[in-house]
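Counting starts at 1 for both ligands and their atoms, following the listed order.
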Amino acid sequence: MDGETNALRFRVGLVECVAISDGSFTYPTANFFPGAPPAALAQAFGAAGVPEQIISPYTCLAIEAEGRWVLLDTGAAGMGPTTGHLRTNLETAGIRGSDIATVILTHAHPDHIGGVIGDDGQLSFPEAQLYMTKQEWDFWSEPDLLSRLPRHLPEVARERQTRTFQSRLPALRGKVTLIESETEVARGIRVLLAPGHTPGHAIVELTSGHESLLYISDILLHPIHMTHPEWHPVYDMDREAAEKTRCHVLGRTTSEGMLVSAFHFRFPGLGHTRSTGRTWSWEPVV
Ligand SMILES: [Zn+2]
């Protein structure tokens, strides 16, 4: 463990990885489980009771590749003092900005692209090759973005999402490699399409020897979404597609015994998924 609980080094096969905290942000519980029957929600939370708010961690992942690093997502710089600590925590873990050769932006939500630029408006990792899916880029870079966001999304989120992407757009334009299908961006590191949460949402698979990890980004926002994949968070843009993708990914991580890196789960967000019959459960790696 580096520092307190802000960076955790581990290996997948022969490859070194570091789970890096960017911070956390507080959400109304209702936004994570809208439409969940109160009795079932109470049962899902158990003895601790249903909280009014959920403090959702933001944990990025750095993967070593040929002496440099591939960074998955950039955290939420710009969303307030509880976020935006990625750069500091990377440096504490011994990874300088110039060591980042590749940045994969899994989707364009503020907690994943916020840190792509610094306070000066310039790219945080100017030497890095940036990747995003073309589907994601095309959706967010339309000028009438605000009107394209789904109506079930709360106003505050619509406004924040629009403002965050549009403020990063000038720095990103022409700098992002857009991918349209499954792509290997470095040896053993593949970007896979997993749409639903956003139109071009991506996840990242790492394979080394007989071991594999799946960075699932926002396929799941909370472990309860494993037990109840149908309780779509309001942040899922296409709820039907998101649920389908969620179930497909969980089926795969479970059957293949993959290590899972979940951006919004309790730090370090690492664990395995287990089948409970019709749905799944989470076994964190402690
Ligand atoms: Zn997120």
Residues Asp99, Arg96: salt bridge by 4.0 Å N-O rule: yes
Name, closest N/O/S atom of Asp111 to the Zn ion (ligand 1): OD2
Under 2.8 Å: N/O/S of His107 next to the Zn ion (ligand 1): no
Cationic N near anionic O, under 4.0 Å, Glu64 to Arg9: no
Residue His112, metal the Zn ion (ligand 1), N/O/S under 2.8 Å: yes
Ion pair check, Lys134 and Glu180, cut-off under 4.0 Å: no
Ion pair check, Arg190 and Glu184, cut-off under 4.0 Å: yes
Minimum-distance N/O/S atom that Asp218 presents toward the Zn ion (ligand 1): OD2
